[in-house]
Structures are given as structure tokens and as C-alpha cells.
Asks: 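Would you mind keeping the following structure in view while I ask a few things?
All chains are named by letter (A, B, ...) in the order of the sequence lines, taking the proteins before the strands, and each is independently numbered beginning at 1. Quick note: numbers below take in every heavy atom, side chains included, and nothing from hydrogens, waters or symmetry partners.
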There are 2 protein chains.
Amino acid sequence: MKFSEAPISCPMDGLLRVISGPWTTFILWRLSTHGTLRFGELKRLVPGVSSRLLTDRLRKLEDAGIVNRDYKPTIPPEVSYALSPRGQELREVLKHLSDLAIKWDLGQAKHGDEAVASQ
Amino acid sequence: MKFSEAPISCPMDGLLRVISGPWTTFILWRLSTHGTLRFGELKRLVPGVSSRLLTDRLRKLEDAGIVNRDYKPTIPPEVSYALSPRGQELREVLKHLSDLAIKWDLGQAKHGDEAVASQ
DNA sequence: CGGCATCCGCTAAGATACTG
DNA sequence: CAGTATCTTAGCGGATGCCG
């Protein structure tokens, strides 16, 4: 894919912006390994994230069609999230990215995190 | 997008952080399509970027081993950049990302936010 | 020419409190 | 439970100026 004369516009940038936000890859990883998760469960699985940020990230992922949001107006309300087909596709590509990152060993946060890497 | 410091992280986050900075993908594409470029040439090929940002992005890409920097202490100095083998690998993966983005047509680059900019 | 240093403004991230 | 509202803070990005 050539950029040639297209000065400042690339769909990939929008996608990158969505997935590169803080916690985002973590959230995606959790959803990919745990399947469908409720908001509270997800929050517990992503230690340290605030409701505000989690909501924000999920909203953006949803807008991009990467995750599906299922809202049941029961009492108490029940909202669950899961990767969409797009999310699955994205996961495949991200795995390649992750493989590169691991191979290169960029020295970022090497703490125990098979994270997205292993799955 | 800022990543302060996630308690747990994965190597991919570091890589994503590097490549998702403003102008970064644009710079990578310029280097991939034009080959080796001097600082000034690159700056001219990325309209609107400041020296400070361009330097910053190139430094991070260099630190990640994605681009090679060649410095000749002539007068005037001559500094050129080119994709490293890692950069070529990365480009392959980014192409898949780009393909997804195009297929999904996320429709960013709207509201004149310079699209390429992200964070 | 190819930077780095500095100041400065903006926005995103964090914490906290509150609600249907 | 699953958010929203608000305030504060911190870091990024822009502009400018200087140097080898």
C-alpha cells in the first residue's frame, strides 16, 4: 500500500489510535481469553483501571466494531462485552505484532505477561 | 495516547506506543516508499511536522531498532534514516492492520484532526 | 543541517463522588 | 451494577531560539 500523494490521511491511524490507548490491549486480551465478560468482571480483571477509563475504552472499541456490548435493563443492570468477529480478526493481527515485540524484546515491561502473546 | 505506566503490561504495548505516536506511521511509510532519507527531506515529506516531533519519533523508532540512523559529521552534517530489517517486518504486519482498517472503513480522518496524528 | 532546550497551552488520564 | 459528572494533574505537542 502506497501513500504516494495522500498527505495526511490513513485509516490505519484511526485504528491504531483506538487500540493503542492505555489498557486497551489488556482489555482485548482479557476478552479474548475469557470470552464474554460483564463490566465489573472486566474491571476486576484489569487491575488499576478506573470506571471512567474502562468505559471510555470500551466505548471506542464498540464504536470501531471491535467489541459487542450487550445491555440487559434488569435490576441491577447487566452489561456484558465480548469480542466481535472484527475483534477476532484484529486479534490475529495483534498476535503478529506481539510476536515481533517479543522477538525484539524491546525491554518494555518484561514482567510476567504472556499477555496477548500466548493467546 | 499516553500510557503512564500500567501495572502489568506486555511487550506489545511498548511497541504500540512507539508506532502509534503522531506522524509515526506516516514517517514509516515515507521511509518504506522512498528508501533512505535525510532529516530535511523527511521533514519536507511529512508536511506540518515540527523538527522536535520528527526528532522525537525518529529517536523512538531508532531505539526500537525499527529505523537505522546514519550520521556523517561533515559540514554541514548529514544524517539519514532508513528502515531496518525490523522495520521491514513491522511494515508487513502494519499492512495487515491497514487492510483491516480499510476493510472496516472506520471513517476517521474526519473532523480536521490531521488524522495521522494520534497518540 | 540537524538537532536540543525552554516555555507554554491543551487534552487526556487519575481520583472522587454521585445516580438510574 | 454500570456507568456519568466534575475537578485536578501530568505529559504531550507547538513554537521559538540556540548550538555544533
Asks: Please confirm whether the backbone N or O of A:A64 pairs with a side-chain atom of A:R86, one donor and one acceptor, at under 3.5 Å?
Replies: yes
Asks: At under 4.0 Å between heavy atoms, what does A:S50 touch on the DNA or RNA strands: base, sugar-phosphate, or nothing?
Replies: nothing
Asks: Could you give the CZ-to-P distance, from A:F39 to D:dA2, as a whole number of Å?
Replies: 8 Å
Asks: Should B:E41 and B:R30 count as an ion pair when the cut-off is N to O under 4.0 Å?
Replies: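 Between B:R30 and B:E41 there is no salt bridge, as every charged N stays at least 4.0 Å from the carboxylate O atoms.
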Asks: Whole-Å distance between D:dC12 P and B:L54 CG?
Replies: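 After rounding, the reported distance stands at 17 Å.
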Asks: Counting just side-chain N and O atoms, does A:R38 come under 4.0 Å of either OP1 or OP2 of D:dA2?
Replies: yes
Asks: Which comes earlier along DNA chain D counting from the 5' end, the contact point of A:Y71 or that of B:D56, where each point is its nearest nucleotide?
Replies: A:Y71
Asks: Starting the side chain at C-beta, find the nucleotide from D:dG13, C:dC4, D:dG3 nearest to B:L53.
Replies: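 Output: D:dG13.
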Asks: Identify whether the distance between the nearest side-chain nitrogen and carboxylate oxygen of B:R17 and B:D13 falls below 4.0 Å.
Replies: no
Asks: Atom CD1 of B:I27 and atom P of C:dG2: how far apart are they, to the nearest Å?
Replies: 14 Å
Asks: Does D:dG3 have OP1 or OP2 under 4.0 Å away from a side-chain N or O of A:R69?
Replies: yes
Asks: Using whole Å, report how far NZ of B:K72 lies from P of C:dG2.
Replies: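 Roughly 12 Å, once rounded to whole Å.
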Asks: Measure from the ring center of B:F26 to the ring center of B:W29 and say whether it is less than 6.0 Å.
Replies: no
Asks: Salt-bridged, B:E62 to B:R59, with N to O below 4.0 Å?
Replies: yes
Asks: Hey, what do you get for CG (A:N68) to OG1 (A:T36), rounding to the nearest 0.5 Å?
Replies: 9.0 Å
Asks: Both A:P77 and B:S51 contact DNA chain C. Taking the nearest nucleotide for each, which residue is further toward the 5' end?
Replies: B:S51
Asks: Looking only at the side chain of B:R59 (C-beta and beyond, no hydrogens), which of the listed nucleotides D:dG13, C:dG2, C:dC4 gets closest?
Replies: C:dC4
Asks: Can you find a side chain N or O atom of A:W23 that sits less than 4.0 Å from OP1 or OP2 on C:dG14?
Replies: yes
Asks: Expressed in angstrom and rounded to an integer, what is the separation of A:K60 atom NZ from C:dT11 atom C1'?
Replies: 11 Å
Asks: Return the value, rounded to whole Å, for the distance between atom NZ of B:K43 and atom C1' of C:dC1.
Replies: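 Rounded to whole Å, this separation is 12 Å.
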Asks: Calculate the interatomic distance between B:D70 atom CG and C:dC1 atom P; express it in whole Å.
Replies: 18 Å
Asks: So, does A:S20 use its side chain to make a donor-acceptor pair with the main chain of A:L16 at under 3.5 Å?
Replies: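 Yes: the side chain of A:S20 pairs with the backbone of A:L16.
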Asks: Looking only at atom types and distance, does a side-chain atom of B:S84 sit under 3.5 Å from a main-chain N or O of B:G65, one as donor and one as acceptor?
Replies: yes
Asks: Pick out the pairs of N or O atoms, protein on one side and nucleotides 6-8 of chain C on the other, that lie under 3.5 Å.
Replies:
unit_1, atom_1, unit_2, atom_2, d
C:dT6, O4, B:R52, NE, 3.3

Asks: Rounding to 10°, can you tell me the angle the first-five-pair axis of the helix from C:dC1-D:dG20 to C:dG20-D:dC1 makes with its last-five-pair axis?
Replies: 50°
Asks: Measure from CD on A:E41 to C1' on D:dG3 and round the result to the nearest Å.
Replies: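 Going from A:E41 (CD) to D:dG3 (C1'), I get 16 Å.
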Asks: Name the residue from B:V93, B:L94, B:D99 that meets the side chain to side chain contact (heavy atoms under 4.5 Å, CB included) definition with A:V93.
Replies: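 So the option named by the test is B:V93.
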Asks: Examine the side chains of B:R91 and B:S32 and answer whether a donor and an acceptor come within less than 3.5 Å of each other.
Replies: yes
